[in-house]
Amino acid sequence: MAKDLSIIVAGGGIAGLTAALALASRGNRVTVLDKAERIQPIGAGIQLSPNAIRILDNLGVADDLRYSATVPQGIQVVSARNARPVTTIPLGADAIAKYGLPYFTIHRPDLHAALLAACETNPDIEIKTSTRVSDATQHRNGVSILHMNGSRPETMSCDLLVGADGIWSTIRHELFAYKPAGFSGRDAWRALIPAEKVPSSIDMDFTRLVLARNTHGVFYPVSAGRYLNLVIVAPAKTTESKAGRQNTDVEELIGKLGGWHSSLQDLMRLGSSWSTWPMFTITETRGALQNKWHNGSAVLIGDAAHGMLPFAAQGAAMGIEDAAILAECVSRGDGLQKALAQYSTLRLPRVQKVARLSRRNGELYHMGWPFSLMRDLTMRFTPPGLFLKRQDWIYRWRTQDSIA
Ligand SMILES: Cc1cc2nc3c(=O)[nH]c(=O)nc-3n(C[C@H](O)[C@H](O)[C@H](O)COP(=O)(O)OP(=O)(O)OC[C@H]3O[C@@H](n4cnc5c(N)ncnc54)[C@H](O)[C@@H]3O)c2cc1C
């Protein structure tokens, strides 16, 4: 076991809180700094696959989630034109039988609450909110950071700085000088529908993936089935966009979705508080993410390292995996530099492969006629179990196998 390190995690999102738990479980002292007044999630729902649940289970967080999560029986792929099913990809009992763990859909506040509760009861973790990290400097014995405590500048030092500060990461900018995130040209529109308003034609036991030319939707239950979460991805109005959420009118969205079946449009009208989220990604250089996520005594995890398109539903899962691998590498006692280099080496190929899959899924989902016809026919005649089998390399993943 390595010597106990003093560690600062910049950012209390899913990746940062998971990293705090994983690193503290190995005997390190961790301080999480977040610029927000209150640690809270961005967005409504999230799908969590067995590779992520396995880690949360090991950290003692998954039990809390079981009360609030939903376990969809499968993903119904639906054509937006006629609202008819193309195929159903099995999840539910099949996922549990294959991977030993469920595939969850969760309300983000429930996931955050579970992570936060676990951090707050851990004596080796301190959480400071309203604390924006604005600069970081490497020195011989670690890293010093400058943070704003309200309007007061303060400094802190640590052996290891973990940059988990999201897609607009200050740590990435200050210590890695990588290019900032770029706009994908698409927005995600999000809303919730209370279960009692959802028409009986929508089976709340399933996730629905709705495919159309240039747009797609993902609908799934959250909060133990009390709400249906809607996410619709559509081209943005302009090629430039500002980060952040805007409240929007569902009729504007429906106007963009020419050709979606009227029953799907009516479903969207039941959604409350629609908001639009411009989607940014870490720009890839010649098809590859920047090839190093460590520099001196600093390391990047989660969206700060690899913010990706969400079309494989794996962005947060990759941040959770980063956290587990980082804690494992650091605890091996081979020295911090070796540990961080090993972390980069282990994480990059897998995350890049997932980011590529995400991009390819986008191309597949957004095909126009006649390619969409070929896609739908292929899907219809593919044995449903094969779709799940193709996800094995993602869902079977275990920390100990990848680091053996
Ligand atoms: C539409 C959509 C759907 C998605 N669906 C899924 C899904 O189903 N499954 C999945 O696995 N992933 C999904 N994702 C991806 C997932 O949401 C992200 O990958 C994940 O939330 C990133 O977590 P993070 O902790 O790395 O960053 P963030 O959640 O961005 O957290 C960063 C934290 O850092 C703090 N911070 C920022 N700057 C500073 C600073 N300077 N100082 C201190 N604190 C700072 C912020 O306040 C924030 O709390 C989806 C994404 C989108 C857009």
Side-chain angles (χ1 to χ4, degrees), residues 8-20 31-49 51-53 55-56 72 75 103-108 111-112 115-116 127-136 145-149 156 161-174 181 184 186-191 207 209 216-218 220 222 229-234 243-245 275-282 300-323 351 354-355 358 394:
I8 291 178
V9 176
I14 296 169
L17 294 178
T18 310
T31 306
V32 180
L33 308 178
D34 201 289
K35 66 179 181 181
E37 238 172 82
R38 211 159 50 84
I39 293 207
Q40 56 187 347
I42 298 168
I46 190 159
Q47 307 179 65
L48 277 187
S49 47
N51 48 317
I53 302 292
I55 293 163
L56 298 178
I75 302 175
Y103 188 104
F104 279 161
T105 56
I106 306 183
H107 199 203
R108 284 180 189 240
L111 173 60
H112 252 74
L115 288 168
L116 199 54
I127 297 182
K128 293 184 178 191
T129 52
S130 302
T131 307
R132 176 191 292 271
V133 178
S134 54
D135 202 355
I145 59 133
L146 180 72
H147 65 85
M148 301 307 288
N149 190 349
M156 282 174 81
L161 173 64
V162 180
D165 48 347
I167 193 128
W168 301 109
S169 171
T170 301
I171 308 303
R172 179 184 174 83
H173 179 258
E174 293 298 327
S184 68
R186 293 182 190 276
D187 292 329
W189 295 62
R190 289 162 150 175
T207 291
L209 171 63
H216 78 273
V218 187
Y220 53 84
V222 293
N229 179 65
L230 308 185
V231 182
I232 292 170
V233 171
R245 155 194 174 147
S275 55
T276 325
W277 305 74
M279 293 194 300
F280 288 80
T281 62
I282 295 292
L300 297 173
I301 67 167
D303 277 13
H306 49 66
M308 62 179 73
L309 289 169
F311 308 151
Q314 283 295 314
M318 288 301 108
I320 291 170
E321 287 186 6
D322 293 344
V351 175
V354 170
S358 204
I394 303 182

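Just so you know, ligand 1 is whichever comes first in the structure, and atom 1 is the first atom listed for that ligand.
Nearest to atom 39 (C) of ligand 1 by heavy atom, out of D165, I167, D135, is D165. Nearest to atom 52 (C) of ligand 1 by heavy atom, out of R38, R190, M148, is R190.
When all heavy atoms of A181 and I167 are compared, the pair lying nearest together is CB-CG1, 3.5 Å. Listed here is the closest heavy atom pair of A19 and I301: CB-CD1, 3.6 Å. Residue A10 comes nearest to I171 through the heavy atom pair CB-CG1, 4.1 Å, listed as atom of the first residue, atom of the second, then distance. The minimum heavy-atom distance linking N51 with A317 is given by the pair ND2-CB, 4.0 Å.
The proximity of T131 to ligand 1, defined as any non-hydrogen pair under 4.0 Å, is limited to the backbone. The backbone and the side chain of A15 each have at least one atom closer than 4.0 Å to an atom of ligand 1 (non-hydrogen atoms only). Residue-level proximity to ligand 1 for R108 is carried by the side chain, the only part with a heavy atom below 4.0 angstrom. Of all the heavy atoms of I301, none lies under 4.0 Å from any atom of ligand 1, so neither backbone nor side chain is involved. At a heavy-atom cutoff of 4.0 Å, ligand 1 is contacted by the backbone of Q314 but not by its side chain. Using a 4.0 Å cut-off between heavy atoms, S49 makes no contact with ligand 1 at all. Counting heavy atoms under 4.0 Å from ligand 1, residue P310 touches it through the side chain alone.
Considering both main-chain and side-chain atoms, G45 never comes within under 3.5 Å of ligand 1 through any nitrogen or oxygen pair. Where the criterion is an N or O separation shorter than 3.5 Å, residue side chain and backbone included, M279 fails it with respect to ligand 1.
Between the side chains of S358 and Q314, no donor-acceptor pair is found at a separation under 3.5 Å.
Nearest to atom 8 (O) of ligand 1 among the protein's heavy atoms is Q47 N, 2.9 Å. At the shortest separation from atom 41 (N) of ligand 1 among protein heavy atoms lies V133 O, 3.0 Å. Atom 31 (O) of ligand 1 has as its closest protein heavy atom G13 CA, 3.5 Å. The closest protein non-hydrogen atom to atom 44 (N) of ligand 1 is K35 N, 3.1 Å. The protein heavy-atom contact nearest to atom 34 (O) of ligand 1 is G11 CA, 3.2 Å. A316 N, 3.7 Å is the protein heavy atom nearest to atom 16 (C) of ligand 1. Counting protein heavy atoms only, atom 48 (C) of ligand 1 is closest to D34 OD2, 3.5 Å. For atom 7 (C) of ligand 1, the closest non-hydrogen atom on the protein side is I46 CG1, 3.5 Å.
Using a distance-only test at 3.5 Å, with no hydrogens or angles considered, no donor-acceptor pair links the side chain of R186 to the main chain of A234. In this structure, N229 contributes its side chain and A44 its backbone to no donor-acceptor pair below 3.5 Å. Remark: side-chain polar atoms of Y220 are not paired, donor with acceptor, to backbone N or O of I106 under 3.5 angstrom. Listed for the T281 side chain is no donor-acceptor partner under 3.5 Å among the backbone atoms of L309.
Of all atoms in ligand 1, numbered sequentially from 1 with element shown, those under 4.0 Å from a heavy atom of T170 are 41 (N). Taking every non-hydrogen atom of G302 and a distance limit under 4.0 Å, the qualifying atoms of ligand 1 come out as 26 (O). Interface atoms of ligand 1 facing G315, defined by a heavy-atom separation under 4.0 Å, are 10 (C), 11 (O), 12 (N), 15 (C), 19 (O). Short contacts between ligand 1 and G166, defined as distances under 4.0 Å to a heavy atom of the residue, involve ligand atoms 27 (O), 30 (O), 32 (C). Taking every heavy atom of R132 and a limit of under 4.0 angstrom, the matching atoms of ligand 1 come to 41 (N), 42 (N). Remark: ligand 1 atoms within the under-4.0 Å shell around heavy atoms of D303 are 18 (C), 19 (O), 22 (C), 26 (O). Heavy-atom proximity to A164, at under 4.0 Å, picks out these atoms of ligand 1: 32 (C), 33 (C), 34 (O). For ligand 1, the atoms closer than 4.0 angstrom to any heavy atom of A188 are 1 (C).
Atoms CZ and CD1, on F104 and I46 in that order, are 13.0 Å from each other to the nearest 0.5 Å. Going from atom CG of L17 over to atom CD1 of I39 covers 5.0 Å, rounded to the nearest 0.5 Å. Between the CD1 atom of I320 and the OG1 atom of T18 there is a distance of 4.5 Å, given to the nearest 0.5 Å.
Side-chain atoms of I282 and R172, non-hydrogen and from C-beta on, do get closer than 4.5 Å to each other. Side chains of L56 and L111 form a contact here, defined as non-hydrogen atoms less than 4.5 Å apart. In this structure the side chain of V354 never reaches within 4.5 angstrom of the side chain of H306, judged on heavy atoms.
At a 4.0 Å cut-off, not a single heavy atom of G319 sits close enough to ligand 1 to count as contact. Not close to ligand 1: A10, with no non-hydrogen atom less than 4.0 angstrom away.
Shown here is R108, whose CZ atom has more than 12 heavy atoms of other residues, nucleotides or ligands within 6.0 Å.
Just one of D165, T129, I145 meets the side chain to side chain contact (heavy atoms under 4.5 Å, CB included) condition when paired with L33; it is I145.
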